[in-house]
Protein chains: 2
Amino acid sequence: MTRPTRPTRPIRPEPAADRAYAATKELVLSGDLPGGHLLSEGDIAERLGMSRTPVREAFLRLQAEELLQLIPKRGAVVVPVPAGEADDVLDAREAVETAAVRRLLRRGGDVPATVDRLRAAIERQREQAEAGDLAGVADADEAFHRTIVDAGGNRLTARFYAGLADRQRRMSMHALAPRPQQVAVVLAEHAELVDAIEARDADRFAVLLPAHLDGTHRPGR
Amino acid sequence: MTRPTRPTRPIRPEPAADRAYAATKELVLSGDLPGGHLLSEGDIAERLGMSRTPVREAFLRLQAEELLQLIPKRGAVVVPVPAGEADDVLDAREAVETAAVRRLLRRGGDVPATVDRLRAAIERQREQAEAGDLAGVADADEAFHRTIVDAGGNRLTARFYAGLADRQRRMSMHALAPRPQQVAVVLAEHAELVDAIEARDADRFAVLLPAHLDGTHRPGR
DNA sequence: TGTCATAGATACAAGCTTGCATCTATGTGT
DNA sequence: ACACATAGATGCAAGCTTGTATCTATGACA
């Protein structure tokens with residue numbers, strides 16, 4: 001099996017439908033399209049240089065994620081962030097992450113490996129913060145929490161959590177950027193959460209997490 | 001606001017895509033199509049007397065629910081129930097229901113109304129059991145648990161839970177039908193769950209629920 | 001001569017384009 | 001204020017193109 005270099009790379013062009021999906025989703029999640037905005041298949045199709053069909057496919061997928069709402073014979077409206085969505089997201093995240101930790105401990109998963117991964121994620125976040133990369137900080141934060149969820153080993157909740165992260169990202173676009181000292185608090189709280197996991201203390205984790213999420217993501221407090 | 005009867009009922013024919021979605025989903029959830037089965041757009045389209053386009057839309061929606069997997073140029077395979085899916089579903093249900101109760105109590109929701117609805121659901125389930133309607137028993141059981149989730153007031157988790165119920169239904173098709181005395185146990189445990197809610201004791205609920213779900217849905221025990 | 005590997009042909013299925021019918025909302029004229 | 005014409009957008013259908021698997025026939029080798 002000598003294959004020194006990739007032989008003439010059989011690149012397959014990304015399907016048009018996937019491009020349309022990614023582009024449109026980015027428009028919605030980035031907040032570039034405000035809630036309530038009405039968009040049409042033809043518009044996007046023209047902008048992306050493709051026909052309406054792949055765009056329609058993209059719209060259907062986004063409707064399944066409740067980011068778009070297709071209105072018969074009218075178009076697709078960007079679903080506005082419902083009132084109370086922030087609460088719902090945080091509540092759901094808390095439930096999923098807590099359940100993941102309980103399951104990890106209950107089923108005797110590899111706690112040390114998880115702890116290592118989490119501490120590495122904290123370190124990455126610290127580096128991003130020192131580099132002043134705000135988007136990088138947010139990414140690392142998401143990676144930290146996703147690592148917790150993945151450790152639980154429940155594919156269904158992990159998938160659900162990915163959708164929650166999307167929605168949170170969409171809301172964060174309208175929120176204030178975290179200030180440096182807030183990042184320090186986040187890092188410290190993350191460390192505490194990891195300590196609780198390392199101590200195999202799910203109850204302590206369950207107490208720490210809501211405070212962490214509320215404190216981080218609720219501007220009013 | 002006098003609208004005595006519906007005036008000339010403006011019935012709109014159900015869109016072809018919705019019919020295709022419902023029909024195909026039923027095929028999968030009922031277990032009529034085994035996991036791994038390969039089906040094609042053309043087949044379904046012909047059977048339902050429509051073109052491939054709405055069928056394709058249905059397939060896309062089902063792929064978003066991870067019930068179908070579209071394989072380029074090949075067809076759509078019915079995603080087999082993954083190993084460990086039963087565990088994942090029960091784990092996720094436990095997390096969602098427990099979180100719903102905690103939230104209901106934390107936010108001072110209308111506990112008496114919820115309790116009333118739950119006791120009514122138990123009563124319906126008892127009636128279905130006495131009538132010997134096994135499907136009715138299963139429906140009432142789902143309604144009971146869904147009532148708990150809805151009481152939490154989190155739209156995101158409620159939606160997630162609906163998908164869990166679908167997957168559970170699909171798995172139940174291959175499971176044994178419950179025996180009458182098992183139904184009695186279920187009813188008694190439901191009553192205990194409601195009592196915990198009425199007593200506003202989320203911790204007791206969190207202890208009772210896993211035992212209930214495990215005992216009911218894990219044949220091996 | 002029999003068996004196996006292989007290359008070519010064929011059938012099938014999706015990805016996408018295009019076109020048409022239908023429905024909704026809007027604006028105009030009386 | 002109301003009816004009607006019109007523009008715009010989707011819902012659906014049919015056809016074309018492309019990619020994949022399967023079948024078959026041919027040739028090499030034992």
Side-chain angles (χ1 to χ4, degrees), chain A residues 1 6-25 27-28 33-79, chain B residues 6-25 27-28 33-80:
Chain A
M1 277 274 285
R6 239 172 298 180
T8 70
R9 192 154 59 126
I11 80 162
R12 253 195 300 180
E14 193 182 14
D18 290 345
R19 280 193 297 131
Y21 171 76
T24 310
K25 183 167 183 174
L27 284 178
V28 174
L33 294 182
H37 184 93
L38 183 71
L39 38 76
S40 73
E41 296 172 359
D43 265 7
I44 305 289
E46 197 173 9
R47 249 194 273 182
L48 299 181
M50 60 183 71
S51 92
R52 280 174 39 218
T53 302
V55 175
R56 173 154 189 82
E57 171 173 334
F59 280 18
L60 288 167
R61 287 163 71 178
L62 292 169
Q63 177 171 247
E65 299 179 35
E66 287 195 342
L67 293 175
L68 289 186
Q69 162 88 4
L70 300 189
I71 300 180
K73 309 294 184 185
R74 286 296 314 282
V77 301
V78 179
V79 174
Chain B
R6 241 171 297 181
T8 70
R9 193 155 58 128
I11 78 163
R12 255 195 299 182
E14 194 183 14
D18 291 345
R19 280 192 297 131
Y21 172 76
T24 310
K25 183 167 183 173
L27 284 178
V28 174
L33 294 181
H37 184 92
L38 183 71
L39 39 76
S40 75
E41 295 174 1
D43 265 6
I44 304 289
E46 198 172 9
R47 250 194 272 182
L48 298 181
M50 60 183 70
S51 94
R52 279 172 41 216
T53 304
V55 175
R56 173 154 190 82
E57 172 173 334
F59 280 18
L60 288 167
R61 287 164 72 180
L62 291 169
Q63 177 171 247
E65 299 180 34
E66 287 195 340
L67 293 175
L68 289 186
Q69 162 88 3
L70 302 189
I71 299 180
K73 310 295 183 185
R74 289 296 314 281
V77 301
V78 179
V79 174

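Quick caveat, the model's predicted, so the values are computed rather than measured. Order of the sequence lines sets the chain letters (A, B, ...), proteins ahead of strands, with each chain counted from 1. We use all heavy atoms of the structure for the numbers below, so side chains are in, but hydrogens, waters and symmetry mates are not.
Using a 4.5 Å cut-off on side-chain heavy atoms (C-beta onward), A:V77 and A:L68 make no contact. Inter-residue side-chain proximity for B:E65 and B:K25 is flagged as met; some heavy-atom pair is nearer than 4.5 Å. Counting heavy atoms from C-beta on, the side chains of A:R47 and A:I44 come closer than 4.5 Å. Contact check for B:V79 versus B:Q69: side-chain heavy atoms found under the 4.5 Å cut-off.
Without hydrogens or angle criteria, B:Q63 side chain to B:L70 main chain gives a donor-acceptor distance under 3.5 Å.
Summarising the geometry, the separation between CD1 on A:I71 and C1' on D:dG8 is reported as 15 Å, rounded to the nearest angstrom. The interatomic distance linking A:R56 (CZ) with D:dG11 (C1') rounds to 7 Å, in whole Å. Across the protein-nucleic acid pair, A:L70 atom CG and D:dC12 atom P stand 12 Å apart, rounded to whole Å. Distance B:L68 CG to C:dA13 C1': 15 Å, rounded to the nearest Å. We find that CD of A:E46 is positioned 13 Å from C1' of D:dG8, with the value rounded to whole Å. Protein atom CG of A:L60 is 14 Å distant from nucleotide atom P of C:dC16, rounded to whole Å.
Partner of A:E41 under the salt bridge (Lys or Arg N to Asp or Glu O under 4.0 Å) criterion, chosen from A:R56, A:K73, A:R74: A:R56.
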Report, one pair per line, the protein and nucleotides 21-23 of chain D atoms (nitrogen or oxygen only) whose separation is under 3.5 Å.
none

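Here A:R52 lies in heavy-atom contact (under 4.0 Å) with a base.
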>> Pair B:R61, B:D18 - check salt bridge (Lys or Arg N to Asp or Glu O under 4.0 Å), show working.
In response: CA-CA 10 Å; B:R61 287 164 72 180; B:D18 291 345; 3.1 Å; yes

* Decide salt bridge (Lys or Arg N to Asp or Glu O under 4.0 Å) for A:R52 and A:D43; before the verdict, give the C-alpha distance in whole Å, the side-chain angles of both, and the deciding distance to 0.1 Å. => CA-CA 9 Å; A:R52 280 174 39 218; A:D43 265 7; over 6 Å; no

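Under 3.5 Å, the side chain of A:K73 and the base of D:dT10 form at least one donor-acceptor pair of N or O atoms.
With rounding to the nearest 0.5 Å, the separation of OG1 in A:T24 from CG in A:L48 is 6.5 Å.
Using a 4.0 Å cut-off, no side-chain N or O of A:T53 falls inside it from OP1 or OP2 of C:dC16.
Checking C:dC16, D:dA13, C:dG19 against the side-chain heavy atoms of A:P54 singles out C:dC16 as nearest.
Contacts between residues 37-45 of chain B and DNA chain D, defined by a heavy-atom separation under 4.0 Å, are absent.
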